[in-house]
Asks: 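Following this message is one structure expressed as structure tokens.
Counting convention: from 1, in listed order, for ligands and their atoms alike. Owing to the predicted nature of the structure, the values given are computational and were not obtained by experimental measurement. For reference, positions follow the sequence shown, starting with 1.
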Amino acid sequence: MNKNSVYIETYGCQMNVADSELVMGILKNYGYEITSDANKANVVLLNTCSIRDNAEQRIYGRLGNFKTLKGQNPDLIVGVLGCMAERLRKDLIEEKKIVDLVVGPDEYRRLPELIDVAFNGEKGIGVKLSRTETYDDIIPYREDGLQAWISVMRGCDKFCSFCVVPFTRGRERSRALNSVVNEIMLLSQRGFREITLLGQNVNSYLDNGNDFADLLAASAAVDRKMRIRFTTSHPQDLSDKLLYTIAEHQNICNYIHLPVQSGSNRILELMNRTYSIEHYLGLIDKARKIIPGVSFSTDIISGFPTESYEDHVMTLDVMRQVKYDGAYMFKYSPREGTKSFKMDNDVPEDIKSKRLQEIIELQRQISFEVNQAILNKEEIVLVEGLSRKSEQFLAGRTGTNKVVIFPFDENIKEGSDVKVKINRATSATLFGDFQEFVDPDNETLALTA
Ligand code: SAH
Ligand code: SF4
Ligand code: F3S
């Protein structure tokens, strides 16, 4: 066994994926080797998520597995990083005694030091949140590939009443624009073809007078052959400038993830979402005018406290009106410390499940219809490699983030841009035939052809 070998497992959102790459960058600089086999590691780290109770339960289950591993190898260090670290440090270290190390999202620079503390038989604990830490100077460790995540801001100041993020990740702060642009440049030189700019609320990005639209424009200018995506946009501050910026740059994908959460103004108010449904639908209309062909995805919570059947129907109505390409749909999960935790979690579990099922089924139908409308059209696809299900097919993605499957051809390489004519579509996948290669210098990469 290598003495300094670390294994890391990541849960939760893409920001955690990006953070794990930061952590690997930090540990590599310190001489650690990264392994993908937990049995070969002497440090096992779980980068955790607290967003819903079932996310935390999964991680507790996994920690149980590592406890067994530790039984066989008492020198193994088991650590918890990320959002659970903030919430559950006492429980994890003092009460359940399952871990040696607990490090929150703003203390990763101290990880090498804290791991040493744990190797010396004490508990390594670093859970302070910072108002300034952005890890701007740290180069994340990434395997070569086509697609990369880049955190451009950390934390959240929105305090939606159901959400733990402001507590687990602290206050909003933005990275310097130049540092993001430099990172994209390095990725472009390494052959990456697509990047996603990440933040819990990217619209409030601000660096020296540069807002998120400025950052997007600067990112898009680095390499016109690179697709630029971003997530998440909060409906309160999606600006016209941002919409025009997306429309102007061919390599910024015409796809906006715009979580609505509920279709009822009364519930939105209780959620502290700070917008009305009318404002939200107005934004969708405006975006569709400014960016022809733009598509949307969303997040929906079902069964928030006091949600009535009528409120639920309003959510279904909004889904029908917007016709989202896709949605992430959840049952409300009360989180200790949040404002809505103090409200009575009064929608019974079976009703929550029934409403969620209706939401999921409606979205499936809508996605199916949206995809049928693409039949016989050509889509520009960035080829990602062989299809997961069969070596006789290739898979790639459209600018609107849809998976496209088409017959294998040895001349088509990973990272190529190709036109595919769509001849079949399910709610989740498009199928078609190769038409021609796209010259990324003079074609609209991100747009439907
Ligand atoms: N910053 C993003 C979302 C972050 S969390 C935004 O504001 O849209 C991702 C999604 O998880 C949220 O959009 C919400 O739909 C869901 N979520 C957050 N807290 C939740 C809770 N307590 N119960 C159920 N779903 C929740
Ligand atoms: Fe949570 Fe709301 Fe912030 Fe999103 S905007 S991370 S839902 S508090
Ligand atoms: Fe989960 Fe933390 Fe992301 S709570 S969703 S990992 S910000």
Asks: Could you tell me whether ligand 2 has any atom less than 4.0 Å away from a heavy atom of Arg273?
Replies: yes
Asks: Answer with side chain, backbone, both or neither: which part of Cys13 has a heavy atom less than 4.0 angstrom from an atom of ligand 3?
Replies: both
Asks: Mind checking whether Phe159 contacts ligand 2 via backbone (N, CA, C, O), side chain (CB onward), both or neither, at a 4.0 Å heavy-atom cut-off?
Replies: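 It is the backbone that touches ligand 2; the side chain stays farther off.
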Asks: Is the shortest side-chain N to carboxylate O distance from Lys128 to Glu107 below 4.0 Å?
Replies: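 No.
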Asks: Any side-chain heavy-atom pair from Thr231 and Tyr255 closer than 4.5 angstrom?
Replies: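 No, every pair of side-chain atoms sits at 4.5 Å or beyond.
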Asks: How about His234 and Tyr275: are their ring centroids closer than 6.0 Å?
Replies: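 So the answer is yes for these two rings.
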Asks: Establish, from distance only, whether the side-chain atoms of Ser353 and Lys331 form a donor-acceptor pair under 3.5 Å.
Replies: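 Result is yes, a qualifying pair exists.
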Asks: I need the minimum non-hydrogen distance between Val6 and Ala41, along with the two atoms involved.
Replies: C-CB, 4.2 Å
Asks: Taking 4.0 angstrom as the limit, do Arg288 and Asp285 come out as a salt bridge?
Replies: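 Salt bridge between Arg288 and Asp285, a charged N being under 4.0 Å from a carboxylate O: no.
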Asks: If every non-hydrogen atom of Arg266 is compared with every non-hydrogen atom of Ser308, which pair is closest and at what distance?
Replies: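 Nearest pair, atom of Arg266 first, then Ser308: NH2-N, 4.2 Å.
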Asks: Just jot down the ligand 3 atoms closer than 4.0 angstrom to any heavy atom of Asn16, in number order.
Replies: 6 (S)
Asks: Compile the protein residues with any heavy atom at a distance under 4.0 Å from an atom of ligand 1; present them by chain, then by number.
Replies: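 These residues qualify: Ile51, Arg52, Phe162, Gln200, Thr232, Pro259, Gln261, Arg273, Asp299, Ile301, Phe330, Lys331, Tyr332, Ser333, Arg335.
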Asks: Kindly write out the residues that satisfy side chain to side chain donor-acceptor pair (under 3.5 Å) with Gln147, not counting sequence neighbours, or none if the list is empty.
Replies: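 Gln147 satisfies side chain to side chain donor-acceptor pair (under 3.5 Å) with Thr196 only.
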Asks: Can you check whether Phe230 and Phe212 have ring centres sitting under 6.0 Å from each other?
Replies: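 Centroid distance Phe230-Phe212: below 6.0 Å, so yes.
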Asks: Can the ring centroids of Tyr332 and Phe304 be said to lie less than 6.0 angstrom from one another?
Replies: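 That pair passes the under 6.0 Å test.
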Asks: Please work out which of Gln200, Arg335, Glu86, Arg154 has its closest non-hydrogen atom nearest to atom 7 (S) of ligand 3.
Replies: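 It is Gln200 that holds the nearest heavy atom.
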Asks: If we check side chain to side chain contact (heavy atoms under 4.5 Å, CB included) with Arg175, which of these qualifies: Glu183, Arg154, Met153?
Replies: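 The option that passes is Glu183.
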Asks: Looking at ligand 3, does Arg169 have a heavy atom less than 4.0 Å from it?
Replies: yes
Asks: Write out the residue and atom name of the closest protein heavy atom to atom 1 (Fe) of ligand 3, then the distance separating them to 0.1 Å.
Replies: Cys49 SG, 2.4 Å
Asks: Return the residue, atom name and 0.1 Å-rounded distance of the protein heavy atom closest to atom 2 (Fe) of ligand 3.
Replies: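 Going by distance alone, atom 2 (Fe) of ligand 3 is nearest to Cys83 SG, 2.2 Å.
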Asks: Side chain, backbone, both or neither: which applies to Cys160 and ligand 2 if a contact is any heavy-atom pair less than 4.0 Å apart?
Replies: both
Asks: Under 4.0 Å, counting heavy atoms only: does Ser50 come that close to any atom of ligand 3?
Replies: yes
